[in-house]
Enquirer: 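Before we start, here is the structure in question, set down as structure tokens.
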Amino acid sequence: MTEIVHVPLGDRAYDVLIGEGLISEAGRHVLPLLHRRRVAIVTDENVARLHLDALKTGLGQEGIEASALVLPAGEGTKNWENLSRSVEWLLDQKVERRDVVLALGGGVIGDLAGFAAAILRRGVRFVQVPTSLLAQVDSSVGGKTGINSPHGKNLIGAFHQPSLVLADIAALGTMSERDFLAGYGEVVKYGLLGDSEFFDWLERNGPALAAGDLELRARAVRRSVEMKAEIVVRDETEQGDRALLNLGHTFCHALESATGYSDRLLHGEGVAIGCALAFETSARLGLCSQEDPGRVRAHLKAMGMKTDLADIPGDLPGAEALLKRMAQDKKVLDGKLRFVLARGIGEAFIATDTDTNVVFEVLNDAMEERQRRV
Ligand code: GLY
């Protein structure tokens, strides 16, 4: 069964379809958006091997012709060079203002192809076909598009909402366990930030969901997308509430930067560890109960996920250096660190006046624990 989450953004409104087999049914869903039966697909080598033929066949069933640009896989692709390559290729394909670009892949392809669509001919429409859990629950929804700069991640980009999102749950079956669990870090984040019942549900169903139950996967994706859509509709361009989606991310960005954005720490793994640290900080500030951080960590551990700084392999800089990296995060506003903290599970809020000494202590204790374990 296909479920639909509507994102009501006025003239930029769109549907997120969630279900099994949407890649091979893509033609039927994309056709109503087209002025002529032609699309251009941007994807990467790994995803192309797994899903490009099925997508082209699905489009072909409605007589839609498709050409594809296959980029290298990995975060390194999100740069100026591949943006320029994509835009020039789309122009070579004679993509016009009223045509549609399809982004087939995970967060990297969605962000890059979405940004290419945003600037091509001052903006053409695009459809997200997210194939990773992280892309289905987070990056394909909400219109953040962009590339990385040597100055940092996602520093160049535009808000450009997709015209449709096709989240094919069956595609998640092709992910490695590690990538799937990293995406699950973002799913847990939604429960922690705004829906304690969803977190309870994840505690009960997370292991079966990770083991491959498609119905549970679809429910988790749907609830995550509903929550993201609600927040994006309240605050499309992140003037306020949208920052709630950054629960765990200030810690995560410091850890990603300290590990060189390498596969020592995947983004979703950093988010999971970051959420545990944000709850620890909240408990020390007396904002939430002392039990909450333990409950967050217990669920992450039960899922076999990275939970603590001690779970990150290799060297890490000390607490002070990590805190400095947090201050370089783009979430800094007027020199003050904006943290997402919590009054309990499902009750996150944006704190602008956090005592950085407490954050230092949390990081320092986590580093000491890491030293004890190594
Ligand atoms: N990934 C956070 C956001 O879309 O705002």
Side-chain angles (χ1 to χ4, degrees), residues 5 7-9 12-14 16 75 78 103 105-115 117-118 126 128 130-148 152-163 165 167 179 182-195 220-257 261 265-275 278 326 329-333 337-342 348-350:
V5 178
V7 187
L9 280 170
R12 296 177 312 294
Y14 55 96
V16 181
E75 187 70 32
K78 251 174 74 171
V108 167
I109 287 297
D111 285 7
L112 175 79
F115 189 33
F126 80 115
Q128 291 269 22
T131 53
S132 72
L133 182 58
L134 187 135
Q136 293 192 356
V137 299
D138 184 29
S139 56
S140 68
V141 181
K144 279 190 181 174
T145 70
I147 57 171
N148 301 328
K153 273 181 79 173
N154 296 327
L155 291 181
I156 303 144
F159 285 101
H160 186 52
Q161 298 292 342
S163 299
V165 181
D179 284 332
Y184 186 81
E186 296 277 3
V187 176
V188 172
K189 178 195 80 177
Y190 288 107
L192 294 176
L193 79 86
D195 186 349
V221 172
R222 192 197 65 204
R223 183 64 194 130
S224 303
V225 169
E226 277 171 359
M227 291 187 68
K228 176 138 192 193
E230 272 168 33
I231 292 174
V232 166
V233 166
R234 284 209 301 273
D235 176 22
E236 187 180 358
T237 56
E238 200 168 318
Q239 307 302 312
D241 270 10
R242 186 165 180 164
L244 289 171
L245 295 170
N246 297 327
L247 176 62
H249 281 62
T250 308
F251 288 106
C252 168
H253 290 158
L255 295 170
E256 280 185 293
S257 138
Y261 301 97
L265 185 73
L266 303 179
H267 175 72
E269 293 172 337
V271 170
I273 296 173
C275 284
M326 289 169 87
D329 191 84
K330 72 179 185 305
K331 270 62 188 188
V332 175
L333 204 65
L337 262 185
R338 273 193 305 166
F339 270 101
V340 184
L341 297 176
F349 69 100
I350 299 155

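One-based numbering, in listed order, for ligands and for the atoms of each. Hydrogens, waters and symmetry mates are skipped; everything else that's a heavy atom, side chains included, is used.
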Enquirer: Should the ring pair F251 and F339 be called parallel, tilted or perpendicular, given that the plane angle runs from 0 to 90° and is split at 30 and 60?
Expert: tilted

Enquirer: Checking Q161 against Y14: is there a side-chain donor and acceptor pair closer than 3.5 Å?
Expert: yes

Enquirer: Ligand 1: which residues have a non-hydrogen atom closer than 4.0 Å?
Expert: D138, K144, K228, E238, R242, L245

Enquirer: Give a yes or no answer on whether the side chain of R242 reaches the backbone of E236 with a donor-acceptor pair at less than 3.5 Å.
Expert: yes

Enquirer: Backbone N or O of V141 within a donor-acceptor pair of the K228 side chain at under 3.5 Å?
Expert: yes

Enquirer: Does the side chain of D195 come within less than 4.5 Å of M227's, by heavy atoms?
Expert: yes

Enquirer: Can you check whether V340 reaches L193 side chain to side chain, under 4.5 Å on heavy atoms?
Expert: no

